[in-house]
Each structure stands twice: as structure tokens, then as C-alpha cells.
Participant: 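Provided herewith is a single structure, encoded as C-alpha cells, for subsequent inquiry.
Numbers restart at 1 for each chain; the letters A, B, ... are given by sequence-line order, proteins then strands. Worth knowing before you read on, the calculation uses all heavy atoms, side chains too, and leaves out hydrogens, waters and symmetry mates.
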There are 2 protein chains.
Amino acid sequence: MSLTAKPIHVTYAYQQIAEEIEAQILRGELKPGDQLPGEAELGALFGVTRSTVREGLRQLESDGLVHRPSPRRLEVAVPQADQLTTRAGRAMALMKVTFRELWEVTMVTEPLATRLAAQRASSDEIDALQALHGDLVGSEGEMARTIELDERFHSRVAEMGHNRVLGLAREPIALLLFRGFAQIAPFAPKFYKRQIEAHSNIIAALRDRDADRAEKWARMHIEDFWRGAQIAGLEDEIALNARALS
Amino acid sequence: MSLTAKPIHVTYAYQQIAEEIEAQILRGELKPGDQLPGEAELGALFGVTRSTVREGLRQLESDGLVHRPSPRRLEVAVPQADQLTTRAGRAMALMKVTFRELWEVTMVTEPLATRLAAQRASSDEIDALQALHGDLVGSEGEMARTIELDERFHSRVAEMGHNRVLGLAREPIALLLFRGFAQIAPFAPKFYKRQIEAHSNIIAALRDRDADRAEKWARMHIEDFWRGAQIAGLEDEIALNARALS
DNA sequence: TTATGTCATATTGTCAGACCATAACGGATC
DNA sequence: GATCCGTTATGGTCTGACAATATGACATAA
């Protein structure tokens, strides 16, 4: 009756090649920066044609495990954060996640990021953040630029928390969420000013190394965003049409 | 002097194909489930050889934008969560993230997940969780199984929060962190029992729809994990050798 | 009618070999 | 040592081909 079907899965040559190389990378036998042999040689090593090798390589490339600094040079890479961000962002867009989902998570990530930043940021980093904030202040009216700078402000804060896991996790989410600003601004004219104010207070708290206060302001900032979203009626709207991802 | 260098980037034929198809998917012109033409036909459409098409397709495949339910059928897919989990997990492993980084994030994600679950889980879902917990209780001594069940317990709770963004973000992190259990257990014999206790309390809180209590227990549970990690001296250890990722 | 079996066809995975542009390397020159 | 230059080999692309097999149409059996 209950026959446990375990679907057999054929593994094609090009997959095996990709897997084999991947395994060697994960096992540490190939370290980031190492250069791989040419396609012809790889073909000889695995006993397959160059075309087959190439298909495998294409896969590894788009996995971010290898990359080509120049067409002739194929080396092992450590996956770049922005690649993952793109993938995750695309996935969330295609899944049609709602602003509520994004916001709920952001509501914990940004305060955490800000708290960590207060504990760990160097004064140089804080200065740089301040400069960025200056640009943001000067961008009133230019929606696209405002959004970009806001995104960068929050990313920067997260970086200053020196937690790469948090950076990786929050980036795609923040990116999608903060883009909603464009839809909120028309409904909430005062929103821009409150944003500036919140950022200022965050910077001040960072300067004072006051983690609690920094966290609190971050939380209020994100809560504020939500109020804006509510006014604009975005709560259960889909975050954005996937095409908007560059 | 400050000439703004705009690095031209050649785009190869296979990339253009991948990009073009990707764009059509993101633009919604191709919807998940839609079937794509055969390789030969695609080649004709783009004015390019089949080999070239194939390389482009390999990339889209590993991006999760298209997939083959059967070798002959190529259709548009919505990226699967587990694919992203794998990529992110690999990336974090290769970045050599520490337990501290993982824990700091988990410290906010799991309580949130649990709180949301308390608000949104159906009783059926809670029953299923209870069953899973039962298995966990019965797995004492079998380290690998205990870890797997613990991971699944937390994933399940997250699912019950019905927030896909949170699910996506926390999964790879939790996966890496909870594996540390194997390194902790030998140092903290009572740890296993406390884990069981915490899970029980979480389930009870979920049943009562008591979001605060659920969240509190989740937080304590993760804090507890950290104490274990400290005893085992893992705080700034690298989470795990990448090879351990299946 | 529905289910099973048969068969032709089209498509995929893989291979072999070839072409051209150019990146990389080594040597020559300054 | 730095710059120029020519050779070479490698990557991107193409053509053409072959075997295995999934698919769909058709025929037959229950």
C-alpha cells in the first residue's frame, strides 16, 4: 500500500562537474582566489567535452562559487552579498510578499542593527554616516534619490553593526520595504521630515554609544514607516512588481 | 582628473539570452508555470546556436527562474525557498561567520517567529508541532536526529507565523546555528532537557494564543543556547566548515 | 469508456571539430 | 624597472551529428 516512492534522479554530466567542483570548494580543497584550469583541460580531466564543462561552469558562476575577473581567468570566489541580495529580492518579489511581511521582519532587524552599530561603530564610520545623512537632507523632492539614500543609510548602519549575517539577511528585505516610500510619500507629506529627524536622532545616539536609545529610535522610525504605509493603504499590498528590481 | 570611469561590460550572447528571459519573467510576460520553447526554437528566436542557448538556460536554472519538471519540459518557476537557503548557507559558511553573528540575529528572529505563530497558527498546525515535539523527546541520545528535529521544530514554528519573508531570512541562519548543538551538548549535559522544556512551554503558549509568553519562552530558549555556546567556548568560533552543508 | 500497450517523432544531453578575437605571457626596447 | 610588441592559447560562438528517451498519437484491451 504505502509504497515509499523515492524518485530516482539522473545526474547529467554537466551537473556532476558542477557538483564536483563545488564540493572541492566547500571542502576547502579549492580556496577563494585559486585559479582553475582552462575549459579544455577541465574537459580532459573529467573526460567530457568542452561544451559540457562550460554548462557546468555557467552554473557555478551563477551560484557565485567561481567567477571570471577577466574572460581568460577563472577563479574560485566567495559568494558576494549583492548576488544573494538580488536572488532573494527577486524571489520575494515573485512570491508576491506583502508590505506587512516585510515590515514585521524589518521591525526587528533594523533596531538590532542600530543597537549593534551603537556598540561597535568607529567614529570614522559615524562620520561617514553623518555625511550620507547630509546628502539625504539635500535630496528633498527627488524621490528616487531620497529612496536610494535612505536605503544606503540603513545599509550603512547595518554594516556598522559588524554582523555579516544580519547584513545578509536584512538587505533584500530593507531594499523592498523602503521602496514603498515612493508610494507613501504622496499620502504623508510630513513623512520626509520625520524620517530626517529619526535619522538625526539615530546618529546622535550612535555618537553617544547609547545602544538603548539608538535602538529605540530605530524602532520608532520603522513604526513610523508603518503608519505611513497604513495611510497609503499598503499593508497587504504586494511589495512591488518584480520588474522594479534593477 | 576625476574622470568618471564607466567600466564597459561586454555582455556575451548567452548572458543576453539569460537576461532577456529573466526580464520577461520579472516583467510578468512569462508567468510561473508557462512553458518555454525548445532549445532549438529559442536558438532560432535569438539568432544563436543551441549551445549558446543552453549556457544561458543553465544560468537561469541555477537562478531558480526556470526549471525542468522533466528533461523535455522547460518552464518558468518561482524560486524555491530551499534553493535560497542553500545558497545563503553556503555563502555564510564560506564567509566564515561566527556563532556570535548567527546568534545575535537568531535572538530576534525566533522570538518574532514564535510571537507571530501564537497569533496566527491554526490548531491543526499546533497539533502537528506537538507531534514533532514528541519525536524530538524520543530522540535523546541520537545527536544527529535531535539536531534535525530541533531545526524542524523551529522551522515549523516559523512557518506557523505565516510570514514568508521571515521564513526565508531565518532558515539558513537557524540551520547553521542549531548545528552548533552538536558541539555544545558534550559540555552541557542538562542542555537537552532544558531544550525540551522550552519547546513544551512554547507549545503551551501557542495553544493559549499568548503571544507575549510564547515570545518570552522563545527568547529564553535562544538565550539558553548562548549560555551553552559560551560553556563550550564557541562564541567566536566559525559556525561550521562549509562541507557540512549537505 | 477508461486503461493499457505500441510506435513515431522531437528534443535533450553529449560529442567532435572549427573559427575568430583577444587576453596573457615573454621578450625586446627604452 | 617600465613600456611596447608579437606570439600563443584560451574563451565565446558556431556547425553538425548521434544516441537515448520523453511525449503524444494511435491502437488495443478491460
Participant: Can you pull out every ring-ring contact (aromatic ring centres under 6.0 Å, His included) where at least one residue sits in residues 86-110 of chain B? Sequence neighbours excluded, please.
Facilitator: B:W103-B:W226
Participant: Among C:dA23, C:dG13, D:dT13, which nucleotide sits nearest the side chain of B:T49?
Facilitator: D:dT13
Participant: Under a 4.0 Å N-O cut-off, is there an ion pair linking B:E101 with A:R120?
Facilitator: no
Participant: Any side-chain to backbone donor/acceptor pair from A:S70 onto A:R72? Under 3.5 Å, distance only.
Facilitator: yes
Participant: Using whole Å, report how far CG of A:L57 lies from P of D:dT13.
Facilitator: 14 Å
Participant: Distance check needed: C:dA24 C1' versus A:Q35 CD, whole Å only.
Facilitator: 10 Å
Participant: Which nucleotide wins on minimum distance to the side chain of A:T52, given the candidates C:dA23, D:dC14, C:dC15?
Facilitator: C:dC15
Participant: Nearest-Å distance, CD (A:E75) to P (D:dT10)?
Facilitator: 17 Å
Participant: Check the distance between C:dT12's P and A:Y14's OH and give it to me in whole angstrom.
Facilitator: 11 Å
Participant: Below 3.5 Å, does any donor atom in the side chain of A:R50 face an acceptor in the base of D:dG12, or the other way round?
Facilitator: yes
Participant: Just by distance, no angles: are the side chains of B:H67 and B:Q83 close enough, under 3.5 Å, to form a donor-acceptor pair?
Facilitator: no
Participant: Taking CZ from A:R73 and C1' from C:dT22, how many angstroms apart are they, rounded to a whole number?
Facilitator: 14 Å
Participant: What's the closest nucleotide to the B:S70 side chain, out of D:dT23, C:dA23, C:dG13?
Facilitator: D:dT23
Participant: Figure out the CZ/P separation between B:F46 and D:dC14, and round it to whole Å.
Facilitator: 13 Å
Participant: Atom CD of A:E41 and atom P of D:dT8: how far apart are they, to the nearest Å?
Facilitator: 20 Å
Participant: Think A:R54 has a side-chain N or O under 4.0 angstrom from the OP1 or OP2 of D:dG11?
Facilitator: no
Participant: Residues two or more places apart in sequence or in another chain: which of them pass side chain to side chain contact (heavy atoms under 4.5 Å, CB included) with B:E55?
Facilitator: A:R54, A:R58, B:Y14
Participant: What about B:R68: does its side chain form a donor-acceptor pair under 3.5 Å with the base of C:dT12?
Facilitator: no
Participant: Any salt bridge linking A:D63 with B:R90? Criterion: basic side-chain nitrogen under 4.0 Å from a carboxylate oxygen.
Facilitator: yes
Participant: If each of A:G38 and A:S51 is mapped to the nucleotide of DNA chain D with the nearest heavy atom, which maps nearer the 5' terminus, i.e. the 5' end?
Facilitator: A:G38
Participant: Mind checking A:G47 for me? I need base, sugar-phosphate or nothing, with any heavy atom below 4.0 Å counting as a touch.
Facilitator: sugar-phosphate
Participant: What's the closest nucleotide to the A:E39 side chain, out of D:dG11, D:dT13, D:dT23?
Facilitator: D:dG11
Participant: Less than 4.0 Å between a side-chain N and a carboxylate O, is that true for B:E151 and B:R179?
Facilitator: yes
Participant: For the helix from C:dT1-D:dA30 to C:dC30-D:dG1, what angle separates the axis at the start from the axis at the finish, each from five pairs, in steps of 10°?
Facilitator: 30°
Participant: Within this structure, what is the CZ-to-C1' distance between A:R72 and C:dT22, rounded to whole angstrom?
Facilitator: 5 Å
